[in-house]
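Structure record follows, encoded as structure tokens.
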Amino acid sequence: ANGWIVPGSSASSTMNQRVASGQMPPVGPLSSAEVQLLANWVDTQFQPAPGASPGASPLPTGPLTATQILSRRCASCHGASSPGDGGINY
């Protein structure tokens, strides 16, 4: 199954594919360490919010470092005023 974030499968997660390819964030690619940290978070710790609609992603509940990366590098395109792809609102 493919989706914006697929719990337990960064390889199937559109977010991880775009981050790894350098398509996101548009302000410049993440470091390889940041890309790996986000992949590990999706693979091992990401849990969708109960009742979340398909394709929508909740605020990250993983390690603080993943939250910091997403807030710092993704909120400008996926913030409250412009949720962007995947219905994400950081």
Side-chain angles (χ1 to χ4, degrees):
N2 287 337
W4 189 252
I5 298 178
V6 179
S9 181
S10 61
S12 297
S13 299
T14 301
M15 178 190 77
N16 291 87
Q17 293 167 1
R18 290 186 184 177
V19 167
S21 72
Q23 290 178 293
M24 289 184 358
V27 296
L30 299 179
S31 70
S32 59
E34 290 172 319
V35 170
Q36 187 60 50
L37 188 140
L38 290 177
N40 289 342
W41 170 69
V42 169
D43 288 338
T44 63
Q45 298 182 25
F46 175 79
Q47 295 295 317
S53 62
S57 300
L59 287 170
T61 57
L64 183 58
T65 52
T67 302
Q68 288 173 332
I69 291 168
L70 294 170
S71 295
R72 179 173 45 93
R73 300 297 300 273
C74 304
S76 62
C77 292
H78 298 280
S81 62
S82 60
D85 288 340
I88 296 175
N89 181 353
Y90 294 120

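Atom set for the values below is all heavy atoms of this structure, side chains included, hydrogens, waters and symmetry mates excluded.
Between the side chain of Ser13 and the backbone N or O of Asn16 there is no donor-acceptor pair closer than 3.5 Å.
Here the straight-line distance linking atom CD of Glu34 with atom CG of Leu38 works out to 7.5 Å at 0.5 Å rounding. To the nearest 0.5 Å, atoms CG (Leu37) and OG (Ser31) are separated by 9.0 Å. Rounding to the nearest 0.5 angstrom, the gap separating the OG atom in Ser10 from the CE atom in Met15 is 8.5 Å.
For Arg18 against Ser21, the heavy-atom pair with the smallest separation is O-OG, 3.1 Å. Residues Val42 and Val6 approach most closely at CG1-O, 3.3 Å, considering heavy atoms.
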